[in-house]
Amino acid sequence: MKKFTKIMALALAVCLCMGLLAGCTGGKDTVEPTAPASNGGDDAAALKTVETGKLHMSTNAAFPPYEMLDDSGSPIGIDVEVAAAIAKKLGLELVVDDMGFDAALLAVQNGQSDIAMAGITVSEDRLAKMDFTDSYATGVQVVIVKEDSDVTMDNLGEKMIGTQLGTTGYIYASDTPENGGYGEDHVIGYETGAVAVQALINGQVDAVIIDNLPAQEYVKANAAAGLTILEGAWVEENYAIGLRKGNTELLNAVNGALNELKADGTFQNIVDKYITAD
Ligand code: GLN
């Protein structure tokens, strides 16, 4: 796949930047990511957040199993529980603000939320606009089609592709053919992944490009529609928590808490709750 080389280069750049970011966290006034667990005491009191005593997380709760709404409309999912555990470590109360994916990224950039968690892929473009913690998960873009369709990885350029607006799936697919994309004329950006999948079911698009885990969830949830995921995928992406650029104190506190949750097994317990081998 010609797209591969370009994305590999991007992935490399992202890894490099993440390495730099990780390297920057050891400054003299900063909290090391591996610092001992904060008990929500003095450290937390000093943390400045959008709303005192609270940690606002902007997200798009239509990305299972990372974030979705339960039957009563409350946000649940891996990102939501990890954010709650981070907030607890920092002595803060988590507030989840559900909005569009693009809006969730903008909310941290504009200082309206403290962290953005939405299965957000770290990319070169995003690193120019926001800071990221260490990565906590990986994903790849895959293609969902109807079981009886003639769409393949090779003829996608002749088809209509649905994606979620502002996501890496949208960005890759709408890029020019010279850059390995299919061109904007072949891509429709929807407000959420769920709406994109509905458009596929309704026959408005021939395929949906979306991250692999939500893809599996959507295929499962729409069993009657006979959806399937094509063999083959783009390069692996890293998910991380996004923060306003330059907010080093909060970045280091959140990153430190995240790494503690990884080290003490809490993070894996949350993941295991939502991702079961079946
Ligand atoms: N990982 C993709 C991105 O960051 C999609 C995220 C999402 O749809 N919530 O663009």
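As the structure lists them, so they are numbered: ligands from 1, and atoms in each ligand from 1. Treat the numbers as computed from the prediction; the structure is a model and nothing was measured. All heavy atoms count here, side chains included; hydrogens, waters and symmetry mates do not.
Residues that satisfy the side chain to side chain contact (heavy atoms under 4.5 Å, CB included) test with Glu158, not counting sequence neighbours, are Asn155. Under the rule for a side chain to side chain contact (heavy atoms under 4.5 Å, CB included), the partners of Asn202 that lie at least two apart in sequence or sit in another chain are Gln198, Gln204.
At a cut-off of 3.5 Å, with distance as the only test, no side-chain donor of His56 or Asp114 sits close to an acceptor on the other residue. There is a side-chain donor-acceptor pair under 3.5 Å between Glu237 and Thr168.
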Could you check ligand 1 for N or O atoms lying under 3.5 Å from protein N or O atoms and list the pairs with distances?
from: ligand 1; atom 1: 1 (N); to: Gly119; atom 2: O; distance (Å): 2.8
from: ligand 1; atom 1: 1 (N); to: Thr121; atom 2: OG1; distance (Å): 2.8
from: ligand 1; atom 1: 1 (N); to: Asp211; atom 2: OD2; distance (Å): 2.6
from: ligand 1; atom 1: 4 (O); to: Thr121; atom 2: N; distance (Å): 2.8
from: ligand 1; atom 1: 4 (O); to: Thr121; atom 2: OG1; distance (Å): 3.3
from: ligand 1; atom 1: 4 (O); to: Arg126; atom 2: NH1; distance (Å): 2.8
from: ligand 1; atom 1: 8 (O); to: Gln164; atom 2: OE1; distance (Å): 2.7
from: ligand 1; atom 1: 9 (N); to: Ala118; atom 2: O; distance (Å): 2.7
from: ligand 1; atom 1: 10 (O); to: Arg126; atom 2: NH1; distance (Å): 3.3
from: ligand 1; atom 1: 10 (O); to: Arg126; atom 2: NH2; distance (Å): 2.9
from: ligand 1; atom 1: 10 (O); to: Thr168; atom 2: N; distance (Å): 2.7
from: ligand 1; atom 1: 10 (O); to: Thr168; atom 2: OG1; distance (Å): 3.4

Run the side chain to side chain contact (heavy atoms under 4.5 Å, CB included) check on Thr133 and Leu243 step by step: do they pass? CA-CA 8 Å; Thr133 61; Leu243 290 97; 3.9 Å; yes
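Applying the ring-ring contact (aromatic ring centres under 6.0 Å, His included) test to every pair with at least one member in residues 238-273, sequence neighbours left out, gives these pairs: Tyr66-Tyr239.
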